[in-house]
Structures are given as structure tokens and as C-alpha cells.
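Below: the structure, in C-alpha cells.
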There are 2 protein chains.
Amino acid sequence: MIQSILELRHLRTLAALRDSGSVSRAAELLNLTQSALSHQLRLLEEQYGAPLFERKSVPIQFSPAGLRLLQLADGLLPRVSEAERDIARLAQGMTGQLRIAVECHTCFDWLMPAIDEFRRRWPEVELDIVSGFHADPVELLRGRRADLAIVSERDAAEPVHYFPLFRFEIVALLAQGHPLEARPHLTPRDFIGQTLITYPVPDDMLDIMRKVLTPRGINPTRRTAELTIVILQLVASRRGLAALPRWAVQSYLDRDYVVPKPIGKSGLSGELFAACPPSLASQPFMEDFVVIVRESSFLNLRGIELL
Amino acid sequence: MIQSILELRHLRTLAALRDSGSVSRAAELLNLTQSALSHQLRLLEEQYGAPLFERKSVPIQFSPAGLRLLQLADGLLPRVSEAERDIARLAQGMTGQLRIAVECHTCFDWLMPAIDEFRRRWPEVELDIVSGFHADPVELLRGRRADLAIVSERDAAEPVHYFPLFRFEIVALLAQGHPLEARPHLTPRDFIGQTLITYPVPDDMLDIMRKVLTPRGINPTRRTAELTIVILQLVASRRGLAALPRWAVQSYLDRDYVVPKPIGKSGLSGELFAACPPSLASQPFMEDFVVIVRESSFLNLRGIELL
DNA sequence: CATTTCTCATTAAATTTTTTCATGATCCAA
DNA sequence: TTGGATCATGAAAAAATTTAATGAGAAATG
């Protein structure tokens, strides 16, 4: 007798498949390997004796059977998370606070949608953004003035729990027709004699300085601007170079407003982590926040890689 | 990071737990061991950090968290089966027919509720009951005049697929104050010189004759009646003994209308199977029919044991 | 047009999860 | 208190899921 092998796992896979458009990306979203999903999907298709989707198209196309399961997933999964949140509340009086400290200027791009979703899911949790930018957000955690900090480096010495978020490429940005435009990528030396346009923050909060230029003793002329759009405007007007996350400027690149160049032969990558005091790390709403951030970033930002 | 371990399996367990009232019975309903469920439930309770139900009460009492999950199960499981039936229809033009042949008089007691549920789930399947009682229902299968037969014995020689349904006790029924009433159980010899009241069918369709009396050359005087209630009326009026499934007469026993006695030291048990042509055995609606019969019987008939 | 890259499938192996088996504890009723 | 029923638990077995490694095919790139 054939038992129903369908589990929520499969529905989660189908939903991720649709949201991400391909098996490999869905695997990344689910923290599994592509192979695992491939097996999972094959088993499902065997069980139902019907294909669930068309692999040879981007994004993949679902078959009628696949669509029906997807419809099921959409009906079920939100109710599952809702129930689990209810139970978390039942088990432990779930009315905490979440004060978020942000060190990185551009982070608000992806943080805001995540925060909106979080508010929807955890209405009882008091949510705040610790205003201003902080040189050492982890200090705020230790002093219990924030509950979660978005940081770009782990410090193993700190008594803090780090949730990995994602990795992304930092690209150098040049004006159209800039002398360096022909290069396949920029080397650290290419920055000598250039003006570097950055946010007004200390050097060690800028990956380009901390990881690339400072170690080699290179210290270009600096100019700062608060807003990404202003930095780009300055680059386009040939006032200098900038180095920013690719996802932060993707829409400008699409319009050829400025020209991106990899930094170093294999590119420069930045990482982001959510840091929180160990005592809060296993709070359901804290874990859920991280999940939301990862999901919404993965779906909204092009070219990032989940950690 | 704690991933949600909740799967449909767990919800099915919770629902079975409520429907059956105890962990062991739920295990039987799900074709698992009591131990498996015990582990499963412990893991769930660990995950949520809250008990799901109160074990030391019959039937078990659900905790708020348990109730919340149960509510989820009730919302989800019907939609899952519905979706799976839709997919079965999509995959294979799912408009078959199901003609049921029944050899056993009392079977209609449990068959009717199951058939009602089946009609609800598979409206396209044409459902019929092959009228009258048939000495050899498997013959009807072979001649393609029926698609499914309820039988009480497997015949390995037949080219037929048997789905086991359940096992039950056949008890002898005596009038109040009958000379044999004091006995803890009846032996085959006790039937010598008695009148045996049965349905009007051949001996080898009566378990009491086929398994107990005929092998020992005992052949009591016979009297027949079509209806269970008539048989019981005759027993109560001291016209003889009967031997019937306990579940078929439970309500009369509850009212002390007649007195039940085990047949033989360890009781006489009967079994029921659903037989169908091998070609139909893996049709989704056929499998589902068997599932429905097993579930509804288990929940409605007291003292049966699923096979 | 060759080459590289990306994506998915497939096999075998590793790992994890689930289930069973065997047994013990507890409770209830006779 | 004994027997019967129910549930818990630890260890072993079985099953499932997942990963690793690799190959095949399509699409993109030069």
C-alpha cells in the first residue's frame, strides 16, 4: 500500500523552487545541496507518476501537478508558521524587544523589507532601530543598549553569537570613459593617486580599506558622502572612484550610470552577520528574524550568496 | 539555529491521538509502534518546550499547545488529501468504477459509513454494490463483474490482491440463564445437541463451522435467519445459540440482551480482507478505499485489531 | 565553433532520522 | 498484590535523507 509520503519539507521545497526560479538556488535558500532537492523532487514525481515542473526553462515552469502542490503549499505553510509562533508564545511569554544596531549605511536597503515582515509576524515584540551609525555596534550589545547588530566581521573574542547572513561582491565604480575602464579588473595599485569616495565612517569599517588598501600602505585621497546616490553622482561626474556592494548599486549599473570593475583578480567580497548576546540567540523571534533577513535578502538582492 | 522540525507526520499523529484516545491505539491506526509515537511526541515537546497532552487520563487531554497543533492538523490534513486526490486525477484520468461484492451479512454495518466517505472523496468514481450475497465473490472479480470483494479468507492460489482489513473476535451468544452461562468459555463439544442459529449461507462461509465444528465432525441442528436482530431475538427466546462478531452485537451486549462467551480457550477470531484484481490494486482510489475502511472501522467498531 | 559556465541528474557513500525491539516504570482494577 | 494496560527509555536496526563526486546537456562566452 502506498502511503502518502508528502511532508511539509516537500512543500517548502516547491515554494523555494518557485521563489528562486531554479533547483540550485532553491537549495541555497533551504540550506541544502542541489543534489538533495533533485532526489527529493524525483521521489515526489515518482510517487505521483507525473512531472512537477519543466527543468529546461528559466525560470522553471511548473506542470499542472506542480501548480496544484504549490497551491497547497501556499495554503499550508503560512498557517504552519503561524501555529508555531502561537506555540512559542504559549510556551514562553513571548513579548520581548528587539533593538537593532546597524553599522552599514547601505544595509537599510534590505533591512527595511525584512523589518516590515517581522513586525507582521511578531506584533508583540517591540522593535527599535538604534539610531545613528556606530563605530562598534557590538559594544552596544554588551552594554545591553541593543539586542542585535548587523556587522561585517566576526570577532571570535567577543562573547557574542553570530548568525551568518550572506556574502556579496564589492565592486569598484568608475565613470563612463574613465582611463581604467578597459581593465578587466582593478588592482590595489590602481587606486594610487585616485580619489576614493566613501561613506563618512572610519577606515576599518570600509572593506576596501581594511582588506585591500591599508594592508598595502595605500591611502588614496578621500571624499565622503552620506548617501549612495550622492556617491554615485560624484563618481559619474569624474570626482573619483567608489567601492560599493554590487547589490546596492545594481539598479544604477543596469542603467549604465557608472561602470563596475571587480577589485583584484578574483573580486573582493564582503560578508554580513547578525550579532546578538548569546542569551538571546535561541529566542524564537530572534531566530525568525534571521530567517526573514536571509530569505528576503536572497530574493531581493541579486548576486548574493547565503552563508 | 533551530529549524522547524514539524512535518505532516506529526500532525497525522496528533490527529490519530485524538481520534483514538491513546498513544497505543493511535500507533495501531497509523501502522506504527507505540514506541515510535512516544519518541515522536517527545521530540515535538522538546522542540516547543511545552507538553502537548496529559498522558495520565483516559482519553488523553491535550494541553493548549497540543490543541493549537491539533487545530493546525484539522486545517491542513484535509487539504493535503484533497490535493493528492486532485493530482491523482491529473496524472491518470481518474474516472473509474468500484463495484463492491460482499459475502458477509454483517459487513454492511461498517461498510456503509466508509462508502459514504468514499463517495465524498471520489465523486467521479462510479460506486456500486453487487447485490445479493455470493458464495464465491472472488469468482465475481475474475469474471470482471466486481472490482472489490470483502472476504474472510485469503486464497493464495487465486490471482488476486488481498488488502488486510482487520481481525475481530467471534463470540457465542446465549440467552440469559442458559445452562452454559456459568462457563468461562465454550468448547466445541458444548455445541453438540444445541441448535445453531446462523445466516442462510453455506457452512464454509461461517467461521464457526469452518474453523471449529466441521473439522471435529460436529454438526448441530441448524436454524437460519437473514437479519442479525432476528438471530438475536431467537437466541434470547432460547431457540438456540449463535456465533457472531462481537462488534456486530456490541450494542445488544451493552444492554444484556444476550450473553457473550468466548469460543475455545483463547477465543475464535475472524479476519476480513478486501480482494481486488491485481491490475486495480495500485489505483489511488482503490488504496484510498482500503484506508477509509480501516480507519472508519477502527474508530467505530470496538475490540477490533487492524491487520 | 570551441570553450567555459551553469544547471540538473545520477550513483554511491555518509549521515541523520525514524522506527523497532526489549524492557522498565506506573497506574488502575480485580 | 497481581495482572493488565499504558507509556517511557536506551540501544539497535532500518529507512530516509543528504552529501560528495561526477557526468551530461544547454546556454553563454570568447
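Protein chains get the first letters and strands the later ones, always in sequence-line order, with residue 1 at the start of each.
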Please state how far atom [atom1] in [X] lies from atom [atom2] in [N], giving the value in whole angstrom units.
X	N	atom1	atom2	result
B:L37	D:dT9	CG	C1'	15 Å
A:L41	C:dT10	CG	P	12 Å
B:L44	C:dT17	CG	P	14 Å
B:E54	D:dC7	CD	C1'	12 Å
B:R42	C:dT20	CZ	P	15 Å
A:Q61	C:dT7	CD	C1'	17 Å

Sequence neighbours left out, what passes salt bridge (charged side-chain N to carboxylate O under 4.0 Å, His left out) with B:R25? Give chain and number order.
none

Does B:D190 have any salt bridge (charged side-chain N to carboxylate O under 4.0 Å, His left out) partners at least two apart in sequence or in another chain, and if so, which?
B:R183

Measuring only between side-chain heavy atoms, which start at C-beta, is B:L165 closer than 4.5 Å to B:S297?
no

When you measure only distances, ignoring hydrogens and angles, does the side chain of B:H39 come within 3.5 Å of the base of C:dT17 through a donor and an acceptor?
no

Here the side-chain hydrogen bond (donor to acceptor under 3.5 Å, both in side chains) pairs for residues 27-38 of chain B, sequence neighbours left out, are B:N31-B:R294

Can you check whether A:P51's main-chain N or O pairs, donor with acceptor, with A:S63's side chain at less than 3.5 Å?
yes

B:F166/B:W110 under ring-ring contact (aromatic ring centres under 6.0 Å, His included): CA gap, chis, key distance, verdict
CA-CA 12 Å; B:F166 54 85; B:W110 50 263; 5.6 Å; yes

Examine B:R55 relative to B:F53 and say whether NZ or CZ is less than 6.0 Å from the centre of the six-membered ring and inside a 45° cone about the ring axis.
yes

Check every strand shown and say whether B:L32 touches a base, only sugar-phosphate, or nothing at a heavy-atom separation below 4.0 Å.
sugar-phosphate

Inspect the surroundings of CD in B:Q61 and state if more than 12 heavy atoms from other residues, nucleotides or ligands are less than 6.0 Å away.
no

Nucleotides 21-30 of chain D: which of its N/O atoms have a protein N/O under 3.5 Å away?
none

Anything under 3.5 Å between a donor and an acceptor, one on a side chain of residues 67-80 of chain A, the other on a protein residue two or more places apart or in another chain? List them.
from: A:R68; atom 1: NE; to: B:D86; atom 2: OD2; distance (Å): 2.8
from: A:R68; atom 1: NH2; to: B:D86; atom 2: OD2; distance (Å): 3.1
from: A:D74; atom 1: OD1; to: A:R18; atom 2: NH2; distance (Å): 2.9
from: A:D74; atom 1: OD2; to: A:R18; atom 2: NH1; distance (Å): 2.9

Minimum-distance nucleotide to A:T33 side chain [options: D:dC7, D:dA20, C:dT19]:
D:dA20

Stretch residues 7-29 of chain A: residues that reach within less than 4.0 Å of DNA chain C through a heavy atom:
A:S22, A:V23, A:S24

At less than 4.0 Å, is any side-chain N or O atom of B:Q40 found next to OP1 or OP2 of C:dT18? Yes or no.
no

